[in-house]
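Below: one structure, written as structure tokens.
Computed from heavy atoms alone, side chains included, the values below leave out hydrogens, waters and symmetry copies. Letters go in sequence order (proteins before strands), and every chain restarts at 1. Quantities reported herein were computed from a predicted structural model and do not represent experimental measurements.
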Amino acid sequence: MRAREVLGFALRGLGANKLRSGLTTLGILIGVASVILLVAVGNGSAEAVKNSIGSLGAGSLTVSSSTTGRGGGFGGQATTGPRTQAKQLTVEDAEALVDPEAAPHVESASPVVNANSVTTTYATTSHNVSQFIGTYPGYFKAANKTVAKGAAFTRAQVDGRARVVLIGPTVATELFGAVEPVGKKINVSGAFFTVVGVLAESGSASTGFQDADDVAIAPITAVQGTLTSYGSLSQIVVRAKNADVVDDAQAEITTILNQRHKITGSTSDFTVYNQASAQDAVAESSRTFTVLLAAVAAISLLVGGIGVTNIMLVTVTERTREIGVRKAIGAPKGAILGQFVAEATILSLLGGVLGVLVGVVGSRFEIVGVQPVLVPSSIALALGVSVAIGLFFGSYPANRAANLRPIEALRHE
Amino acid sequence: MTPPVLDVRAVTKVYGRGDTEVRALRGVTLRVEQGDYVAIMGQSGSGKSTLMNILGCLDVPTSGHYLLDGTDVGALQEAQLSILRNRRIGFIFQSFNLIPRMSALANVELPLAYGGVKPAERRRRALAALELVGLADRVRHEPNELSGGQQQRVAVARALATAPSLLLADEPTGNLDTRSTHDVLDILDRLSAAGRTIALITHEDEVALRAKRVLRLVDGRIVEDRRQAPVQGPPPAVASGAVG
């Protein structure tokens with residue numbers, strides 16, 4: 001008795017009841033497809049979050065003043081009440097951070113002043129820029145802003161209080177439409193700025209709740225004279241030498257600012273926000289999300305497996321007489337066992353293969369705003385599990401068939 | 001000297017226990033030599049089906065011994081019994097019991113497949129067996145495309161294909177019309193004439209008349225053992241020239 005013949009018997013058995021076999025296969029198909037698809041959706045949303053965070057600038061740190069909270073941490077808001085003597089961040093603070101001696105891991109530190117919702121006009125068109133930023137040239141690299149057209153302003157222009165501006169793609173479209181913006185003058189709350197460049201699209205506009213492209217960046221000196229006062233900074237954006245030394249840079253910044261602000265205790269008047277640790281937190285939560293989705297999918301796969309057992313039990317009962325005849329003419333126990341295990345495995349393997357197909361095709365489409373990203377190991381796992389399901393869930397009915405006593409099986413009507 | 005094909009020694013079979021105890025066989029002793037053609041007759045409840053199951057190695061006796069071709073069946077394990085059924089016994093059932101949705105050829109090949117015969121050899125032997133029962137032109141047909149008589153002839157071919165020591169037929173004509181009954185009995189006569197050992201269970205006198213020897217079973221005991229023709233020789237119908 002060869003394996004091929006046992007397989008032939010199994011196929012003939014399945015073919016005898018095509019609708020039933022098809023429905024059972026469908027159960028496994030749905031299980032496998034949902035494992036692959038839901039894991040891909042979880043993975044896809046994790047990737048999307050990672051990309052949008054990455055586009056804000058990996059390897060960069062943001063220092064902002066806080067009247068409460070601890071120094072050096074991120075997001076810590078829980079320690080003490082307001083400090084009466086809190087010092088604001090200044091341009092001098094920012095310049096003190098660029099110090100090869102005290103802060104060897106800091107590449108650049110850009111002071112940032114920020115004006116929200118600034119009305120700009122060009123000719124007869126006007127547009128409210130949601131973020132009007134005044135800063136140093138180092139900001140472009142630190143905040144991952146790329147200049148698509150024209151050029152960034154220089155340090156000399158900052159020192160010379162030049163009224164030049166780079167605008168985000170959203171602003172360019174709203175204000176200029178098809179007109180070439182570079183070289184044109186725009187009116188920003190009564191002051192004229194010359195557009196010297198247009199930023200590239202940040203790529204995170206679709207996932208963030210704020211349009212990262214609705215932005216204008218000008219020298220800090222020019223903004224401070226026109227849109228904001230000469231007082232404090234809203235933040236300092238620091239770029240570490242590379243992504244691996246972000247933690248070292250963070251420690252150096254904390255030390256320097258503690259000295260300058262004469263802080264000795266645990267309470268601090270500034271917060272250093274670390275992009276990398278935020279990324280870790282998000283990655284962690286999206287992993288949980290993926291595991292949750294996979295668990296739901298695994299349950300549906302399990303239900304599909306129970307469907308296989310169920311249908312195989314029905315098949316064995318229905319074919320009891322045939323099993324009796326086979327035994328009477330000398331079928332060894334192994335051949336009967338093999339035939340029914342093979343039937344169950346073919347059902348679930350077929351469902352598995354079709355499920356992989358559906359899963360792979362389905363993952364090409366966007367699902368609830370998330371572009372799924374296939375995880376190859378989930379395909380292998382789902383296929384493997386579907387075969388295991390056939391073997392496991394098919395073995396009980398098959399054993400029942402193989403252990404039938406021939407006289408009783410023959411008497412069965 | 002070769003051992004008898006069937007050697008049944010004081011076999012009893014009891015079903016159930018206590019109040020529900022049923023003594024189906026109460027000590028049956030029987031020897032069947034090679035080439036014999038035995039009809040076992042009896043009313044329903046006489047124990048003939050139980051005897052048939054024991055002879056076919058489908059059931060084991062409560063006490064006593066049963067030797068098939070000199071092998072004590074009582075000492076064998078399930079796996080060895082299935083080999084024994086495959087090689088030594090050819091079953092013919094009252095309700096044909098062909099496997100549905102398999103062609104006549106595949107049905108006849110089935111016991112050979114379980115016996116591990118190679119595909120080419122299997123096909124040759126299955127075709128020869130089908131030729132013998134006169135169904136060479138129906139090999140591709142499935143059971144539901146065949147008449148009852150044809151199905152039973154396929155079943156006879158299936159029983160023959162492994163060249164067993166014993167053909168065991170349980171009321172082979174019980175579900176057939178007169179014409180088909182004659183066809184099947186003629187085939188059995190020819191097989192007997194060719195030297196096959198046949199044991200047949202029936203309650204029809206017409207069928208029993210064709211056998212060389214008739215046993216009558218009443219209440220689990222053999223009450224009559226009548227020889228109608230010698231063991232080494234043609235069955236009565238062939239001897240009288242009714243069947244060629």
Side-chain angles (χ1 to χ4, degrees), chain A residues 1-22 314-343 346-347 398-413, chain B residues 13 15 24 49-60 77-103 106-119 122 142-144 155 157-162 164 168 170:
Chain A
M1 201 64 210
R2 285 192 291 180
R4 231 185 71 213
E5 281 148 13
V6 174
L7 214 64
F9 291 149
L11 283 173
R12 199 174 278 126
L14 291 175
N17 236 313
K18 291 191 182 67
L19 179 64
R20 191 201 280 170
S21 305
V314 171
T315 303
V316 168
T317 308
E318 218 179 48
R319 303 209 331 238
T320 299
R321 201 181 167 82
E322 179 191 321
I323 295 163
V325 175
R326 285 177 185 270
K327 290 198 137 190
I329 62 174
K333 199 169 152 178
I336 304 278
L337 190 73
Q339 178 182 343
F340 285 96
V341 167
E343 272 190 38
I346 290 169
L347 276 182
N399 248 309
R400 237 166 86 156
N403 288 326
L404 279 174
R405 297 186 57 202
I407 23 170
E408 275 152 30
L410 276 172
R411 230 176 266 150
H412 187 93
E413 282 307 324
Chain B
K13 181 71 188 179
Y15 293 110
S49 286
T50 305
L51 182 60
M52 170 84 182
N53 286 337
I54 289 173
L55 294 183
C57 301
L58 294 173
D59 206 353
V60 286
Q77 299 294 312
E78 171 65 30
Q80 293 163 305
L81 279 178
S82 71
I83 294 172
L84 197 72
R85 284 199 293 269
N86 186 255
R87 306 260 167 87
R88 303 280 173 85
I89 299 167
F91 278 100
I92 301 161
F93 301 95
Q94 178 175 0
S95 48
F96 325 140
N97 279 342
L98 297 178
I99 308 285
R101 291 176 302 275
M102 275 172 72
S103 68
N107 261 291
V108 177
E109 281 187 9
L110 194 60
L112 296 168
Y114 285 132
V117 178
K118 294 241 177 339
R122 202 192 293 164
E142 293 186 4
N144 59 3
R158 179 175 68 184
L160 278 176
T162 52
L168 208 50
D170 185 2

*Atom NZ in A/K333, atom CG in B/L81: separation rounded to 0.5 Å?*
12.5 Å
*asked:* Contact between A/R405 and B/D59 at the side-chain level, heavy atoms closer than 4.5 Å - yes or no?
replied: yes
*pair A/L410-B/F93: side-chain heavy atoms closer than 4.5 Å*: yes
*Quick one: closest heavy-atom pair of A/A335 and B/Y114, and the distance?*
CB-CE2, 3.6 Å
_Top contributor to chain B contacts, counting heavy-atom pairs under 4.5 Å, from A/G334, A/P406, A/A328, A/G13_ = A/A328
_From CZ (A/R321) to CD1 (B/I99), nearest 0.5 Å_ = 10.5 Å
*asked:* Need one label for B/R87: side chain, backbone, both or neither, based on atoms under 4.5 Å from any heavy atom in chain A.
replied: neither
*Mark yes or no for whether B/R101, through its side chain, and A/R12, through its backbone, hold a donor-acceptor pair below 3.5 Å.*
no
*For A/P332 against B/S82, the heavy-atom pair lying closest together*: CA-OG, 3.9 Å
*Under a 4.5 Å heavy-atom cut-off, does chain A meet the side chain of B/R122, its backbone, both or neither?*
side chain
*In Å and rounded to the nearest 0.5 Å, what is the CG to CD distance from A/N403 to B/E78?*
8.5 Å
*If you measure from CD1 on A/I329 to CG on B/N97, what distance do you get to the nearest 0.5 Å?*
10.0 Å
_If you define the side chain from C-beta out and look only at heavy atoms, does anything of B/E109 sit under 4.5 Å from A/E5?_
no
*Against chain B, label A/R326 side chain, backbone, both or neither, depending on which of its atoms sit under 4.5 Å from a heavy atom there.*
both
*Please state whether the side chain, the backbone, both or neither of A/R411 comes within less than 4.5 Å of a heavy atom of chain B.*
side chain
*asked:* Using a 4.5 angstrom heavy-atom cutoff, name the option from B/G90, B/A106, B/P111 with the most pairs to chain A.
replied: B/P111
